Student: 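Pasting in a structure now, in C-alpha cells, and then I'll have a few things to ask.
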Amino acid sequence: MTREEQLNVLSAHQLSEHTLDFLNSIKFKKYDKESRDKFKRMAYINNSPEMMKKIMDAKYEMGFCETYVLQSIPFSSQKARCLAELNQERKSVRRFGNDPINLNQVSAFFNLFYTVTGQEEFDFKGVSLTQMKRNIASGGSLYPTEIYFVNHRITELPLGVYHYNVFTFSLELIRALPTAAEWDFFYEIIMKADSSSIDFDQASAFVIFSSVFNKQSFKYQDFGVALSLVEVGEFIHAAYLALAALELRGCAFGGFLSKEMHQFLALKNSLHQPLFCMAIGDQLK
Ligand SMILES: Cc1cc2nc3c(=O)[nH]c(=O)nc-3n(C[C@H](O)[C@H](O)[C@H](O)COP(=O)(O)O)c2cc1C
C-alpha cells in the first residue's frame with residue numbers, strides 16, 4: 001500500500017456497487033408503504049394462521065444421522081445460573097405499563113446493555129496502543145455500531161433525540177422535541193398506526209441501532225457489511241438481556257422509514273445507516 005493510499009484508507013469505504021445497492025435495497029422507503037411487495041406481504045403472513053403455524057412448526061431437519069442427546073446438568077456457578085435465568089426471562093413484549101421508566105432505570109439499562117468494561121494497554125511493534133474493552137465483541141475492534149435514544153416519556157430528561165456516548169456514559173442531546181408536530185414526524189417515521197403490534201404510545205423511549213458501514217468496510221471491503229450487521233444483532237441481543245435483568249420490557253422492530261430516520265437523527269454520512277429500533281418501557285402492572 002502506498003503512503004497516499006494509507007492516508008486515504010480510513011475515508012474510502014471500499015464497497016462494491018452490488019453492496020451499495022444491497023444497502024439501499026434493505027431500506028424501507030415511503031413508497032414501500034403502498035407497495036404490494038414489502039408491507040402487504042408481511043401483513044399477509046402475520047395475519048395468516050396457516051402461515052404462522054408453518055413458521056412456528058418449522059425446524060431444521062438433518063435427515064438420518066447418529067444422534068447424541070446432550071445432558072441437562074444443573075449449573076454449578078452463580079454466573080451460569082444468572083445467565084440461564086436471563087435467557088428464560090428474555091422475550092419481546094409489545095405492551096407497557098402506564099408509568100414511564102425513570103432515569104435510574106435508563107442509566108442501569110445502558111450500563112448493562114453497552115458499556116466500557118476496562119482498558120488494556122499493549123505494545124504493538126513499538127507503538128503503544130490502548131484498547132477500551134467493551135461488553136460487545138467487534139470484528140477488527142472497529143465498532144461501527146452507534147446507539148441513539150429517543151426520550152418519549154421519561155420526565156427527568158428533556159424529551160428528544162440523543163446519541164449515547166459509551167466512553168463518557170452519557171446521553172448527548174441532539175435535538176429536543178417539545179412540540180406535538182415533531183412527535184408526529186417521529187410517529188410517521190416509525191409508521192405508527194392503530195394496527196401496530198407494538199404499543200408505541202406507552203413506550204417510555206426508543207433505542208435506535210445504527211451502523212457506520214465504512215468503519216469496517218474500509219478494511220474488510222464488502223465482507224465488512226456482514227460484520228457490521230452481525231454486530232447490530234449482538235447489540236439488540238444485549239439490549240434484550242439488559243431489559244430482562246432489570247425487569248423492563250421491550251421489543252425490537254425494523255419497520256421504519258430509513259431516509260427520514262437518517263434525517264431525524266441528524267446523521268451526516270450516507271453510509272451511516274439506522275437499521276433497527278427498540279421500544280422500551282415498564283412492565284404492565
Ligand atoms: C431484529 C428484530 C426485528 C424485529 N422486528 C419486529 C417487528 O417489527 N415487530 C414486532 O412485533 N416484533 C419484532 N421483533 C420481535 C420478534 O417478533 C420476536 O423476537 C420473535 O417473535 C421471538 O419472540 P421473543 O423475542 O419473545 O422470544 C423483532 C425482533 C428482532 C430481533
Side-chain angles (χ1 to χ4, degrees), residues 22-23 25-30 32-33 35 37-60 83-97 109 112-114 136-137 144-150 152 186-211 213 225-258 260-261 264 273-284:
F22 162 74
L23 289 177
S25 74
I26 59 170
K27 290 176 182 167
F28 282 113
K29 301 167 191 87
K30 255 190 179 169
D32 287 327
K33 283 214 270 188
S35 107
D37 292 354
K38 283 195 179 161
F39 289 108
K40 287 208 175 133
R41 190 179 177 83
M42 286 186 245
Y44 169 75
I45 293 169
N46 281 344
N47 289 313
S48 158
E50 297 82 31
M51 289 300 295
M52 289 309 278
K53 181 161 171 44
K54 277 202 166 114
I55 290 169
M56 303 274 159
D57 291 347
K59 291 191 184 73
Y60 191 80
L83 182 54
E85 200 180 328
L86 286 183
N87 282 340
Q88 291 291 329
E89 299 276 319
R90 191 219 58 79
K91 61 184 171 191
S92 299
V93 181
R94 299 168 179 80
R95 297 272 165 268
F96 307 104
F109 168 75
L112 290 174
F113 152 55
Y114 181 31
I136 307 265
T145 309
E146 291 297 331
I147 301 298
Y148 291 80
F149 181 77
V150 175
H152 188 220
F186 180 68
Y187 297 147
E188 204 186 313
I189 295 172
I190 60 171
M191 294 183 272
K192 177 173 166 294
D194 292 342
S195 57
S196 299
S197 62
I198 302 169
D199 184 358
F200 292 132
D201 282 325
Q202 295 290 70
S204 296
F206 297 86
V207 178
I208 297 156
F209 304 81
S210 74
S211 189
F213 284 111
V225 169
L227 294 174
S228 302
L229 293 173
V230 163
E231 188 176 302
V232 166
E234 290 181 69
F235 273 77
I236 294 173
H237 189 62
Y240 267 117
L241 290 186
L243 292 176
L246 297 165
E247 299 182 353
L248 298 176
R249 300 294 179 249
C251 184
F253 62 97
F256 57 77
L257 302 176
S258 186
E260 288 74 8
M261 186 68 97
F264 182 76
Q273 198 161 318
L275 290 162
F276 291 97
C277 199
M278 184 181 258
I280 65 171
D282 205 355
Q283 55 182 296
L284 272 172

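Counting starts at 1 for both ligands and their atoms, in listed order. The structure displayed is predicted, hence computed values, not measured ones.
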Student: Would you mind running through ligand 1 and noting each atom that sits below 4.0 Å from a heavy atom of S197?
Tutor: 9 (N), 10 (C), 11 (O)
Student: Between D32 and K27, does any NZ, NE, NH1 or NH2 come within less than 4.0 Å of an OD or OE carboxylate oxygen?
Tutor: no
Student: Within a distance under 4.0 Å of any heavy atom of G254, pick out the atoms of ligand 1 and give their elements.
Tutor: 5 (N), 8 (O)
Student: Is the ring centre of H237 less than 6.0 Å from the ring centre of F113?
Tutor: no
Student: Of Y240, F253, F209, which has the heavy atom at the shortest distance from atom 8 (O) of ligand 1?
Tutor: F253
Student: Check each of R90, R94, K91 against atom 16 (C) of ligand 1 and report the one with the nearest heavy atom.
Tutor: R94
Student: I'd like to check the ring-ring contact (aromatic ring centres under 6.0 Å, His included) partners of F149; sequence neighbours left out, ordered by chain and number.
Tutor: F110
Student: List ligand 1 atoms under 4.0 Å from F276, heavy atoms only on the residue side.
Tutor: 1 (C)
Student: Is any N or O atom of A252, backbone or side chain, closer than 3.5 Å to an N or O atom of ligand 1?
Tutor: yes
Student: Can you find a protein heavy atom closer to atom 22 (C) of ligand 1 than 4.0 Å?
Tutor: no
Student: So D282 and E247, side chain to side chain contact (heavy atoms under 4.5 Å, CB included) or not? Walk me through it.
Tutor: CA-CA 8 Å; D282 205 355; E247 299 182 353; over 6 Å; no
Student: Just need the protein heavy atom nearest to atom 18 (C) of ligand 1, so name the residue and atom and give the distance.
Tutor: S92 OG, 3.4 Å
Student: Enumerate the side-chain hydrogen bond (donor to acceptor under 3.5 Å, both in side chains) contacts for residues 84-96, please, sequence neighbours excluded, ordered by first and then second residue.
Tutor: S92-Y240
Student: Can the ring centres of F186 and F206 be said to be less than 6.0 Å apart?
Tutor: yes
